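Presented below is the structure to which this report refers.
Just so we're clear, the structure is a prediction, and the values are computed from it rather than from any experiment. Reminder, nothing fancy here: chain letters follow the sequence lines and each chain counts from 1.
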2 protein chains.
Amino acid sequence: MPAETAPSLADVLRARGLRLTAQRQLVLEAVQRLGHATPEQVHQAVCRTAAGVNITTIYRTLELLEGLGLVTHTHLSHGAPTYHVPGERSHLHLVCHRCGAIEEAPLSLMHPLAEQLRTDRGFSLDIGHMALFGTCAACAAEEES
Amino acid sequence: MPAETAPSLADVLRARGLRLTAQRQLVLEAVQRLGHATPEQVHQAVCRTAAGVNITTIYRTLELLEGLGLVTHTHLSHGAPTYHVPGERSHLHLVCHRCGAIEEAPLSLMHPLAEQLRTDRGFSLDIGHMALFGTCAACAAEEES
DNA sequence: GTTAGTGCAAATTTTTTGCATCGGT
DNA sequence: ACCGATGCAAAAAATTTGCACTAAC
């Protein structure tokens, strides 16, 4: 088990004098399980276990967890922020601007670029989850006709 | 002057039986000039020339222009879609998740990756404008402390 | 003269905020 | 018991839709 990947929620919270609540556990768990999900989707997932949880709490909790470094968000396709656990289930998203399809690709494709950015400008690419936009093979074929 | 970069708005519209209006000209012009801008910013820019233009028209026109391939949108940092002319003023955006800073980098960094994606999976990366997320040098330094 | 395009207002959708209550420590 | 966290309702943003009027063709 990798040492840095498992800072327990309880510990992180306690370290800052924050409280461990069922909602926070559920939200983190949902984000981990879903891989990448919008606040809406997290809400639905959480509600499947604890029906009464308010959407407001989801937003507040996601924001908190992000501040704590336990989750991050990126923007896949259309205006919907999606949250995920850094380093977990890592892969690239190739989002087709034309048909909206999302395919996944191995993260290793990014390594050379990540390396160069770090060397050249000290910028550490978040390669946890990453969205790249373009035109998928199918749509590219159509456009040529 | 590159041949493919200048399909006149009038021509594109006429080809589809659509009408050339002042608003459409102004919106396209604003997107070109601003480089990358949210609907809101486009609205403000347009209103500086033609005060009465409604935000609704901005949304509708951006959608139309995107359908015509004259502009595209991507999501920089926080939930705000930004529109730009494909191939124009091209550069990478490096968005810092921590402090929100956006720095620009030359597009050439992406070429190897773009090449590989096209070869491997037929995916044409939209390298017109592109946002990469991560931690900037300044924030990375802070985090180490 | 036709009919697409625009402006306006209202409806939706998404996210944020204020405040009383509840529950972790 | 204290004070942070939650739920609820309402506010604030952001985006979309319906419809009558204007203007491009």
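- The environment of CZ in B:Arg121 is crowded: more than 12 heavy-atom neighbours from other residues, nucleotides or ligands sit within 6.0 Å.
- Atom-to-atom, CD of B:Gln25 to C1' of D:dA23 comes out at 14 Å; the value is rounded to the nearest Å.
- Here the P atom of nucleotide C:dT15 and the NE2 atom of A:His73 are 10 Å apart, to the nearest Å.
- With B:Tyr83 as the fixed residue, the side chain to side chain contact (heavy atoms under 4.5 Å, CB included) test singles out one of B:Val27, B:Ile58, B:Val71: B:Val71.
- The shortest distance between the side-chain N/O atoms of A:Gln23 and the OP1/OP2 oxygens of D:dG7 is below 4.0 Å.
- Between the CZ atom of B:Arg16 and the C1' atom of D:dA24 there is a distance of 19 Å, given to the nearest Å.
- The residue from A:His84, A:His36, A:Glu63, A:Glu66 that alone fulfils the side-chain hydrogen bond (donor to acceptor under 3.5 Å, both in side chains) condition with A:His73 is A:Glu66.
- Taking both residues in full, the closest heavy atoms of B:Val53 and B:His43 are given as O-NE2, 2.8 Å, listed atom of the first, atom of the second, then distance.
- Atom CZ of A:Arg48 is separated from atom CG of A:Leu26 by 12.0 Å, given to the nearest 0.5 angstrom.
- One interatomic measurement links the two molecules: CG of A:Leu26 to P of C:dG23, which rounds to 15 Å at whole-angstrom precision.
- Checking side-chain atoms of A:Arg24 against main-chain N and O of A:Leu64 turns up no donor-acceptor pair under 3.5 Å.
- Taking atom CG of A:Leu20 as the reference point, atom C1' of D:dG4 lies 13 Å away to the nearest angstrom.
- As rounded to whole Å, 13 Å separates atom P of C:dT16 from atom CD of A:Glu40.
- In terms of position along DNA chain C, the nucleotide closest to B:Thr21 lies nearer the 5' end than the nucleotide closest to the other residue of the pair B:Thr21 and A:Thr21.
- A heavy-atom distance below 4.0 Å to DNA chain D is reached by these residues of residues 51-65 of chain A, ordered by number: A:Gly52, A:Val53, A:Asn54, A:Thr56, A:Thr57, A:Arg60.
- For the pair B:Leu9/B:Leu65, a side-chain contact is recorded, criterion being any heavy-atom separation below 4.5 Å from C-beta on.
- Of the two residues contacting DNA chain D, namely A:Leu18 and B:Leu18, the nearest-nucleotide position lying further toward the 5' end is that of A:Leu18.
- To the nearest angstrom, P of D:dC25 lies 10 Å from CZ of B:Arg24.
- Atoms CZ (B:Arg19) and P (D:dC21) sit 17 Å apart, rounded to a whole Å.
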